[in-house]
Amino acid sequence: MKGYVIALDQGTTSSRAIVFDAQGAVVSLAQRPFPQIYPRPGWVEHDPYAILSSQLEALSEAFAKSGLEAEDIAAIGVTNQRETTIVWDRQTGKPVYNAIVWQCRRTAGLCDQLSSEGMGAYIRDKTGLLIDAYFSGTKINWILENVPGARERAERGELLFGTVDSWLIWNLTGGREHISDYSNCSRTMLFDIDRLRWDEDLCRVLKVPMLMLPAPVPSSAEYGRVAPGIKGVEALAGVPICGSAGDQAAALLGQGCIRPGEGKNTYGTGCFTLMNTGSRSVRSISGMLTSVAWCLNGSITYALEGSVFNAGSAIQWLRDEMGLISSAAESGPTAETVPDNGGVYMVPAFTGLGAPHWDMYARGTIVGITRGTTRAHIVRAAMEGIAYEVRDLLDAMELDSGTRLPALRVDGGASVSDFLMQFQADILHRPIDRPAMVETTAFGAAFLAGLAAGVWSSPEEITGLRRSERVFEPQMDAERAEGYYRQWQRALQRALKWEQN
Ligand code: ADP
């Protein structure tokens, strides 16, 4: 019975593989970390072979642990760290340079130049993105400009570009398929998200030969099959690869947010909020990004995305730099030892503020301290600060989309905090829904693959597979919550533009 699907979840610090059954339950899981390379301050690279081998090892281990046979596996789906850029030789498969990771700031200068040339409006209109070094386009340009001979080879058609999804699928299919799904294409700053094709003008501006670009494909379709003789996964030869989406899009789907107006927030080191906007590719007026989330049965779903840089990192800071708590798990119970924040507000703008404020010069601030302020008030203020940041994001998103989110689905490390989730429900005046199965990103990829392979028959089926572990209903008096939120906005003003530019 071909009722199982394997998700490859290729992340920034580790590669994971998870085997799911047809009910969406985890059968087995394996994870392999791989090294981060920091050649200079602000530069981040990965060895593309370390990405590949860690992923293959995780796949091999998860499959072995599952006790299943290759015949039981209906399909493989891929989800990945987005934007990370790899350029390799079409013949030998050898990368010409390390993978330039999404976090890498080396192309900030080129981005400033594009902005000063007035490219911002065009790029937003075509790609849904803001000009930033995150996205792949300027990273490809850097490789072609800086690796001797690379530009000439690319122009002769000898080199291929891909984000990590593309690199993995090319290798898994023995070099047969050079593709990338629309959600990953959306993060390159070269892709026209309305016409669903590479934009010739942007490729010209960024000097990227179109010959090297992967074919854009829908998120759920048979792309190819695992080639014979791939080291460690020989047993899986012939299994079809049927789904692919960037990590945030996969998590939106894995959370079952398939209708317009549904959204999720991931509480990790930072926060990523995504809202399904259906077939409308909304352009933001408040610094959100627009991407293709997925394409199913020929119909495109777009998402608005906002991110805050520091969320869970505020809890790490309380633990590691301040020593106010001894573990992240202590943060909620400590905050609950006081009935309220005692008038203390913390804006965790350690590295500036992301959406919707976009102030690189903002810095962290704690205001409202009195002689009666205790450790617990500071811990509570840090956690509340995360919830207020998410409210800022959601308010802006709802303004952009003209839709009100009925409830917020949550995942990520800090979503395990009951205190934070309850406070979030109070500040947003709506339910917070935490799933029982927390592997939402991997499940999104598995679902895309299983849909194309016939394990599931319609996108709606995912809503029946997702179970809530707990729903936090708003409990606080709405007027009181709004009073707190107004104070937060005053605290925020104190943090903005703190550094001199
Ligand atoms: P990332 O993928 O960004 O590394 P994770 O999703 O693993 O992040 O989440 C890690 C974050 O979750 C850390 O910043 C940590 O402070 C926070 N965290 C982990 N456990 C708890 C907890 N019990 N209560 C509050 N925060 C927590």
Side-chain angles (χ1 to χ4, degrees), residues 7 9-16 18 29 31-36 44 46 54 79-84 101-103 134 164 246-252 254-255 264-274 305-337 346 348-351 354 364 375-376 378-390 393 408-425 432 434-435 437-445 469-470 472:
D9 180 1
Q10 206 302 308
T12 308
T13 57
S14 73
S15 301
R16 289 143 40 88
I18 305 185
L29 180 155
Q31 178 162 6
R32 286 279 187 288
F34 59 87
Q36 307 293 307
V44 190
H46 293 154
S54 60
T79 182
N80 57 292
Q81 52 167 322
R82 302 174 301 173
E83 298 110 8
T84 296
V101 177
W102 57 274
Q103 296 151 322
Y134 275 140
V164 170
D247 52 10
Q248 294 305 320
L252 186 69
Q255 283 275 22
K264 67 94 194 170
N265 184 45
T266 301
Y267 296 82
T269 307
C271 277
F272 282 101
T273 310
L274 268 80
E305 171 173 337
S307 48
V308 301
F309 305 140
N310 290 285
S313 58
I315 296 165
Q316 291 165 357
W317 177 79
L318 294 174
R319 183 193 61 196
D320 301 338
E321 276 71 30
M322 294 294 102
L324 294 180
I325 48 176
S326 56
S327 69
E330 246 179 53
S331 56
T334 304
E336 282 175 311
T337 62
M346 174 172 158
F350 303 130
T351 53
R375 174 177 80 97
I378 303 285
V379 171
R380 186 166 178 128
M383 298 196 79
E384 290 188 0
I386 298 171
Y388 295 128
E389 288 186 307
V390 172
L393 262 185
L408 183 66
R409 299 180 177 193
V410 297
D411 51 37
S415 73
V416 304
S417 167
D418 291 349
F419 168 76
L420 178 58
M421 295 303 104
Q422 183 57 54
F423 191 75
Q424 187 73 79
I432 298 295
R434 191 167 64 190
M437 205 284 293
V438 295
E439 301 290 353
T440 52
T441 307
F443 185 55
E469 179 259 334
R470 184 162 167 192
F472 296 83

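For ligands, and for the atoms within them, numbers begin at 1 and follow the listed sequence.
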Is there any N or O on Ala414 that sits under 3.5 Å from an N or O of ligand 1? yes
Where ligand 1 meets Thr269 - atom numbers and elements under 4.0 angstrom, heavy-atom basis: 1 (P), 3 (O), 4 (O), 8 (O)
Atom 6 (O) of ligand 1 - nearest protein heavy atom and its distance: Gly413 N, 2.8 Å
In ligand 1, which numbered atoms sit nearer than 4.0 Å to a non-hydrogen atom of Ser331? 24 (N), 25 (C)
Which of the ligand 1 atoms, numbered from 1, are nearer than 4.0 Å to a heavy atom of Gly412: 6 (O)
Does some non-hydrogen atom of Ser313 fall short of 4.0 Å from ligand 1? yes
Per-atom filter on ligand 1: closer than 4.0 angstrom to a heavy atom of Ser417 are 24 (N), 25 (C)
Does ligand 1 have a heavy atom under 4.0 Å from the side chain of Val416, from its backbone, from both, or from neither? side chain
Run the salt-bridge test on Asp411 and Arg434 with the 4.0 Å N-O cut-off and return the result as yes or no. no
Is it true that Arg380 and Glu336 have a side-chain N and a carboxylate O under 4.0 angstrom from each other? no
Could you tell me whether a side-chain N or O of Glu83 sits under 3.5 Å from a main-chain N or O of Val101, the two making a donor and an acceptor? no
Check: Ala328 main-chain N/O paired with Ser331 side-chain donor or acceptor under 3.5 Å: yes
With heavy atoms only and a cut-off of under 4.0 Å, state how Ala328 meets ligand 1: side chain, backbone, both or neither. both
